[in-house]
Amino acid sequence: MNKLTTNTILQVCRRALAPTALVAALSTLAGAQGFGNEWVRFNQDNSKLVAGNSVGLGDTEEKDYMQGDLDKDGWTDLVCVRKQPFTTSGRRRNVLFMNEGGTLVDRTSQYATASTVGGDQGFLTLTNDRDVVIVDVDLDGWLDVVTCTTLTSGQAKHISHPRVYMNLGDDAGGNWQGLRHEDPRFPQLLLSNGSPSFPMFCSVDAGDVTGDGYPDLYFGDYDSGTPGGGGDMNDRLLINNGNGYFTDESFSRMTSQMLSSAFGNSVAVADMNLDGVNDIVKDTSLNAPQYVSVSYNDPENEGYFDLFDAFHDFAPYHVNIGDLNNDGRIDVVVSDDGNDRYRYNLGTDTFGRVTWGSAKTFDFLSGGDDGFASDNYIVDLDEDGWADVLICDVDVDISGCSRRAHIYHNPGGNVGQQITLREEAQQAGNGGWKGAVGISGSALQGMHDICAFDIDNDGDKDMVFGRCSGTDVWFNTLDPTPDPVGTPVCFCDGSGTAAPCGNTGGAFEGCANSTGSGASLAGFGSDSASADDLVLDGLGMLPSQPALLFVGNNTLNGGNGVTFGDGLRCAGGSVVRLGVQFPDAGGGASWGPGLGATGGWGSGDGRTFQGWYRDPSGSPCTSGFNLTSAVRVVFGP
């Protein structure tokens, strides 16, 4: 956010709102409200998670999620893998949440206890799982589940190694039969000397690296030296034989440098350089080596990796991939022990490696990055076609749940542009909502993992929060086309008073500014004085220039307005300032909710809202400021 001192803001506003009566009426600076862009809204409803307290709402263990429609009923289900928090060997049971009409119900006992190992109870068997992927390993049309185990030295192979749960599909009567752990599908892993090893994996992803259509598995290693007596295994690449059985072919297909990891907290399989074959992205942290890298698959010899690029250093702790600027190239987001960062994929060099943009840090409306972070996700929360970013805060290696997760808004822009991602906020400090409307800072504290998917089948993404203190369910409630509140007045499309300098805007806009278009103001929420949830959204103002919302108890010239600077002023009578904002890159800013305490209106009162904003270019006029259109609201109870 562009930060100006209080004196500067006062000088700007006094110079613009020159009439003495108006300056006096706007004398109370309300900029401390600091409202952000209300781009998406969430409502918590924990009644939609049904499970015993210790594995449901009161689950205090380390958690990692993956979603998928396991029973093919059209509702997305949720798998939760669990372990004792932090660097411990304490094993816990996993949970299968089936989505039953928008409610997530623990159906582990019914559908996830079968196993090929005698005495094993599938998900109910205590394991030390830190990651999970849902993928159809045998291409039978049913999604299977693969877990990632760690810190289980000395345990039997079916406990210490990753577990493959096969989806049994429907029976002859069309009834889903659930998942079965099939131990032979995953091999006994060996050290370089041929002796058995105990995996200490921290991450897994699936993708076809050989070109046969069947998903292979890549595991990120979590150890340095020879911890736990199991030996330093490093990463492993497991190749699918075409029937959903895997063999370890790591060292025949990749170099030791590619496989070397200290703490491999995250991996991803994707075609990073757009040459038609899947590459492998990973981070390694804590001890040397410490970087984010890409191992490039050779398109001339698919399945064998011939090029390695460690392109990002700092102190990375998790990496995820996605297209942030809609140019068809895969970008990266990196959680970091310091400031989290993201890099744009700008193309490829002559060797076929991605050319990366500079490491960008996130923007904050208030506050900043609070240190250690973990899992991150690239997901479009507001369904506007531009992917947003979620970053969790609990370091899986070092205890502590005092930080909070961050939700970063992607405001969009031009395709291929290096867009700045920002954490919106209602106000500075711990008050109000953070990142997304409805979610407070305290609700984001101590976040192991977030899973964003459509729980209620209404077309937008909801979220499950896996926190140190329990599990929460949040539903996306943002109406993409909310009904406006109030009556638009004072627009410069020819229906009102003649515009200054002949400066005419478009329909329902204020007079045109130096961009060639006018700025508008619209009300959303409700006209209830007691609810005090009215939000005023301004669009088309000048990015990063101060913008002020003010309100009067009547309208001027019958709602047609009077000439004022480069625009038409419509809010008149007793006028009150409601806060200064600095519009985003698209010229947008929002004020509210909670304006009633400053505005002082009650049921039955009518008010006219309007935005004033700086326009230094001032073309075609020269006053240096302009006004948005206005909104007249008559408040009810």
Side-chain angles (χ1 to χ4, degrees), residues 43-59 61-83 92-115 120-127 129 131-138 140-148 163-182 206 377 379 448-467 470-476:
N43 178 61
Q44 185 176 358
D45 186 355
N46 284 353
S47 70
K48 299 300 184 181
L49 187 93
V50 178
N53 188 62
S54 64
V55 296
L57 300 180
D59 183 3
E61 307 297 346
E62 181 182 319
K63 298 170 279 289
D64 196 90
Y65 300 116
M66 183 57 68
Q67 77 279 5
D69 184 4
L70 294 170
D71 59 355
K72 296 206 293 188
D73 66 348
W75 296 84
T76 304
D77 310 304
L78 180 69
V79 169
C80 175
V81 297
R82 305 161 68 244
K83 65 177 293 295
R92 300 291 186 266
R93 57 158 287 197
N94 295 330
V95 189
L96 173 63
F97 290 104
M98 300 304 295
N99 190 334
E100 300 179 0
T103 298
L104 301 172
V105 182
D106 177 9
R107 297 297 186 191
T108 309
S109 296
Q110 293 94 323
Y111 296 118
T113 60
S115 176
D120 187 271
Q121 293 184 292
F123 273 31
L124 293 181
T125 294
L126 303 185
T127 54
D129 294 330
D131 199 6
V132 57
V133 63
I134 294 179
V135 59
D136 184 1
V137 300
D138 57 354
D140 66 348
W142 296 88
L143 291 173
D144 310 302
V145 176
V146 180
T147 62
C148 169
R163 291 161 66 101
V164 179
Y165 293 87
M166 299 303 294
N167 193 323
L168 301 178
D170 286 347
D171 64 16
N175 304 301
W176 188 56
Q177 301 176 90
L179 304 172
R180 179 173 61 205
H181 166 230
E182 299 189 0
Y377 300 97
V379 58
H448 284 291
D449 198 23
I450 297 175
C451 193
F453 64 105
D454 188 0
I455 299 174
D456 53 5
N457 273 4
D458 66 349
D460 54 35
K461 292 179 179 62
D462 313 301
M463 293 190 289
V464 175
F465 287 178
R467 303 173 59 205
T471 305
D472 297 318
V473 183
W474 292 83
F475 286 89
N476 193 327

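Everything quoted here is computed from the prediction, not taken from an experiment.
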Could you please spell out the steps behind the side-chain contact (heavy atoms from CB on, under 4.5 Å) verdict for T147 and Y165?
-> CA-CA 8 Å; T147 62; Y165 293 87; 3.9 Å; yes

Report the C-alpha distance between M98 and L104 in whole Å, list the side-chain angles of each, state the deciding distance to 0.1 Å, and finish with yes or no for side-chain contact (heavy atoms from CB on, under 4.5 Å).
-> CA-CA 5 Å; M98 300 304 295; L104 301 172; over 6 Å; no

Take M166 and L179 through the side-chain contact (heavy atoms from CB on, under 4.5 Å) test and state the conclusion after the steps.
-> CA-CA 5 Å; M166 299 303 294; L179 304 172; over 6 Å; no

D64 side chain reached by H448 side chain, heavy atoms, under 4.5 Å = no

Tell me, do K461 and V379 make a side-chain contact under 4.5 Å, heavy atoms counted?
-> yes

Is there a donor-acceptor pair closer than 3.5 Å between any side-chain N or O of D69 and the backbone N or O of T76?
-> no

Counting N and O atoms only, with roles assigned by atom type, does the side chain of D71 sit under 3.5 Å from a partner on the main chain of G178, one being a donor and the other an acceptor?
-> no

Six-ring centre of W142, K72 cation under 6.0 angstrom, axis tolerance 45° = yes

Would V50 and D106 count as a side-chain contact (heavy atoms from CB on, under 4.5 Å) if you check the C-alpha gap in whole Å, the side-chain angles of each, and the deciding distance to 0.1 Å?
-> CA-CA 6 Å; V50 178; D106 177 9; over 6 Å; no

Is it true that the side chains of Y65 and D131 contain a donor and an acceptor less than 3.5 Å apart?
-> no

Ion pair present between R163 and D120, side-chain N to carboxylate O less than 4.0 angstrom?
-> yes

Between D129 and N94, is any side-chain donor less than 3.5 angstrom from a side-chain acceptor?
-> yes

Does OH in Y111 sit with more than 12 non-hydrogen atoms of other residues, nucleotides or ligands closer than 6.0 Å?
-> no

W474 vs F465 aromatic rings, parallel, tilted or perpendicular, using cut-offs 30° and 60°?
-> tilted

Say whether, by atom type as modelled, one donor and one acceptor occur between the side chain of N53 and the main chain of G58 under 3.5 angstrom.
-> yes

Compare all side-chain heavy atoms of V146 with those of V137 and state whether any distance is below 4.5 angstrom.
-> yes

Please say which of T108, T127, T125 ends up in a side chain to side chain donor-acceptor pair (under 3.5 Å) with R93.
-> T108

Any donor-acceptor pair under 3.5 Å linking the side chain of Q67 with the backbone of D77?
-> no

Quick one: are D144 and D138 in side-chain contact, heavy atoms under 4.5 Å?
-> yes

Are any non-hydrogen side-chain atoms of W75 and T103 less than 4.5 angstrom apart?
-> no

Heavy-atom donor-acceptor pair, Q121 side chain to T113 backbone, under 3.5 Å | no

Side chains of I450 and V464 in contact at under 4.5 Å (non-hydrogen atoms) | no

Drop me the distance from F123's CZ to C80's SG, to the nearest 0.5 angstrom.
-> 9.5 Å

Do you see a donor-acceptor pair shorter than 3.5 Å between the side chains of D171 and W176?
-> no

Would you mind reporting whether F475 and D458 have side-chain heavy atoms less than 4.5 Å apart?
-> no

Is there a donor-acceptor pair under 3.5 Å between the side chain of N167 and the backbone N or O of L143?
-> yes

Is there a donor-acceptor contact under 3.5 Å from the side chain of D462 to the main chain of I455?
-> yes

Grab the two heavy atoms, one from S115 and one from G122, that are nearest each other, plus how far apart they are.
-> CB-N, 4.3 Å

With sequence neighbours excluded, tell me which residues meet side chain to side chain donor-acceptor pair (under 3.5 Å) with D472.
-> Q44, N46, R467

Decide yes or no for L57 and D59: does some side-chain heavy atom of the first lie under 4.5 Å from some side-chain heavy atom of the second?
-> no

